[in-house]
Amino acid sequence: MMLKKIANIIVTYKKYMAECNRIKFIRYNFFKRNIIRKNKWSCIRNLYGTIISIDKTSKIILKGILILNKYKLKGSKKEMFLDIRDNAQLQVNGNFIAYYDTEICVFSGARLSLKSGYMNAGAQIRCMNNISIGNNCAIARNVMIMDFDAHDIYYSDNRKNEVSKPIIIEDNVWIGAGATILKGVHIGEGSIIAAGAVVSKDVPKNSICAGVPAKVIKNNIRWE
C-alpha cells in the first residue's frame with residue numbers, strides 16, 4: 001500500500017518534482033503531519049540545495065506553492081535556508097518563490113504569512129513576531145525584512161525599547177535592492193521602496209520611499 005501511494009504521488013506530481021530531491025519532496029508534502037496542504041496542488045518545491053529545518057511543534061499551512069532555491073545556475077552550490085522553529089507558523093496563501101542564496105527564518109512562536117511574489121538572491125526574512133507579505137510583491141536582492149531589534153536597548157530615563165513589532169507589506173509592493181524593512185512598519189499597497197532605503201516608519205500607498213532614514217519622495221505613483 002505504501003509503495004503504491006508513493007508511486008501514485010510520483011506520477012501525479014512529476015512536473016512539481018523536477019529539479020527537486022524526490023524523497024524529501026514526498027516526505028515534506030505527504031508525510032509530515034505539521035505541513036498542512038489545503039488543496040491538491042499546494043506544495044513545497046524544495047529544489048536541489050534547499051536546506052529545511054522544521055520543528056515538530058511548528059506548522060506550515062500551504063494554500064499555494066512555495067518554491068525554494070529557484071534560478072540557481074547549473075553547477076552552482078548556492079543554497080536556500082528555511083528555518084521554522086518551535087511553535088512557529090508559516091502560511092503560504094499564494095505562489096511564492098525564494099531564489100537561491102535566500103533565507104527565511106520564523107523564530108519561536110512567530111507567524112509569517114506569504115501571498116504571491118518573490119524574494120531575489122541574498123534577501124532575508126527574519127520573523128520573531130508577525131510579518132505579513134501581500135500579493136505580487138517583488139523583493140529585490142539583499143533586502144532584509146526583520147521585525148525585531150535583536151538586542152534590548154536601555155535609555156537614560158530607564159525606558160527600554162520594544163524589541164519586536166509586526167510588519168505588514170500590502171499587495172503590489174516593490175522593495176529595491178539592499179533595502180531594510182524594520183520592526184513595526186506598514187507599507188501601503190502599490191508602493192516602491194528605493195534601493196538601499198532603511199524603512200522605520202509607515203509608508204502610504206502608491207508612494208516612493210527612499211533614503212536613510214527613509215522618507216516619502218513621491219506620491220500617487222504606479223508601477224508594473
Side-chain angles (χ1 to χ4, degrees), residues 19 42-47 49-50 60 62-73 76 78-83 90-106 111-127 130-147 166-224:
E19 303 176 59
S42 59
C43 63
I44 295 174
R45 290 194 64 207
N46 54 309
L47 307 189
T50 301
I60 297 178
L62 299 169
K63 298 181 180 179
I65 300 172
L66 179 62
I67 303 176
L68 305 175
N69 213 28
K70 186 70 171 172
Y71 299 123
K72 184 174 67 172
L73 292 176
S76 170
K78 292 288 186 180
E79 298 171 331
M80 183 279 160
F81 296 92
L82 176 65
D83 185 5
L90 168 62
Q91 183 157 329
V92 182
N93 295 316
N95 297 336
F96 191 88
I97 302 172
Y99 287 32
Y100 64 91
D101 204 25
T102 57
E103 181 179 338
I104 298 173
C105 183
V106 188
R111 300 289 182 268
L112 171 61
S113 174
L114 303 172
K115 289 188 178 177
S116 64
Y118 66 86
M119 54 190 295
N120 210 325
Q124 295 188 46
I125 298 172
R126 302 182 66 78
C127 178
N130 194 310
I131 296 176
S132 175
I133 298 176
N135 283 308
N136 192 38
C137 286
I139 301 170
R141 284 177 174 264
N142 300 314
V143 166
M144 171 67 80
I145 301 173
M146 183 171 170
D147 67 356
I167 291 173
I168 298 173
I169 300 171
E170 294 188 4
D171 296 345
N172 201 41
V173 169
W174 173 14
I175 303 176
T180 301
I181 312 300
L182 297 176
K183 67 177 187 180
V185 166
H186 186 150
I187 301 176
E189 181 178 356
S191 288
I192 299 171
I193 307 301
V198 177
V199 184
S200 59
K201 295 182 179 180
D202 291 353
V203 177
K205 68 178 184 179
N206 302 117
S207 62
I208 299 177
C209 192
V212 181
K215 297 179 181 179
V216 175
I217 60 172
K218 286 189 182 295
N219 293 295
N220 300 315
I221 61 91
R222 180 174 62 87
W223 71 276
E224 296 179 352

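Computed over heavy atoms, backbone and side chain alike; hydrogens, waters and symmetry mates excluded.
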Quiz item: Does the side chain to side chain contact (heavy atoms under 4.5 Å, CB included) test come out yes or no for Lys63 and Gln91, once each step is laid out?
Solution: CA-CA 8 Å; Lys63 298 181 180 179; Gln91 183 157 329; 3.6 Å; yes
Quiz item: Taking it one step at a time, do Ile169 and Cys137 satisfy side chain to side chain contact (heavy atoms under 4.5 Å, CB included)?
Solution: CA-CA 8 Å; Ile169 300 171; Cys137 286; 4.1 Å; yes
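When the side-chain hydrogen bond (donor to acceptor under 3.5 Å, both in side chains) test is applied to Asp83, the partners found at least two apart in sequence or on another chain are Arg85. Applying the side-chain contact (heavy atoms from CB on, under 4.5 Å) test to Asn142 and every residue at least two apart in sequence or in another chain returns nothing. Residues meeting the salt bridge (Lys or Arg N to Asp or Glu O under 4.0 Å) test with Glu103, sequence neighbours left out: Arg126.
Interatomic distance, CG of Asp101 versus NZ of Lys78, reported as 4.5 Å (0.5 Å rounding). Rounded to the nearest 0.5 angstrom, Ile168 CD1 and Asp147 CG are separated by 11.5 Å. Note that the CG atom of Asn69 and the CG atom of Asn46 stand 10.0 Å from one another [nearest 0.5 Å].
Side-chain contact between Val198 and Leu182: present, with at least one pair of heavy atoms (C-beta onward) separated by less than 4.5 Å. Contact annotation: the side chain of Ile44 approaches that of Leu68 to within less than 4.5 Å [non-hydrogen atoms, C-beta and beyond]. Between Thr180 and Val199 the shortest side-chain heavy-atom distance does not fall below 4.5 Å. In this structure, His186 and Glu170 have side chains that are in contact, with non-hydrogen atoms separated by less than 4.5 Å.
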Determine all donor-acceptor pairs shorter than 3.5 Å in which one atom belongs to a side chain in residues 217-224; sequence neighbours excluded.
from	atom 1	to	atom 2	distance (Å)
Arg222	NH1	Glu224	OE2	2.5
Trp223	NE1	Asn172	O	2.9

Tell me which donor-acceptor pairs under 3.5 Å the side chains of residues 112-119 have, and how far apart each pair is, sequence neighbours excluded?
from	atom 1	to	atom 2	distance (Å)
Ser113	OG	Asn93	ND2	3.3
Ser116	OG	Asn135	OD1	3.2
Ser116	OG	Asn136	N	2.9

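The two residues Lys70 and Ile97 come nearest to each other via the heavy atoms CB-CG2, 3.5 Å. The nearest pair of heavy atoms linking Ala214 to Cys209 is CB-SG, 3.4 Å. What you find for Pro204 and Ser191 is that their closest heavy atoms are O-OG, 2.7 Å. Heavy-atom minimum distance, Ser207 versus Val203: OG-CG1, 3.4 Å. Counting all heavy atoms, side chain and backbone alike, Leu82 lies closest to Leu90 at CD1-CD2, 4.2 Å. Contact between Ala210 and Ala197 at its shortest, heavy atoms only, is CA-CB, 4.2 Å.
Each of Ile125, Ile187, Ile131 was evaluated against Ile181; a single residue qualifies, Ile187, per the side-chain contact (heavy atoms from CB on, under 4.5 Å) test.
Contacts classified as salt bridge (charged side-chain N to carboxylate O under 4.0 Å, His left out) and involving residues 176-205 (residues at least two apart or in different chains) are given here: Asp149-Lys183.
A donor-acceptor pair under 3.5 Å is absent between the side-chain atoms of Thr102 and the main chain of Ala123, judged by distance alone. Between the side chain of Ser42 and the main chain of Leu62, a donor-acceptor pair closer than 3.5 Å is present.
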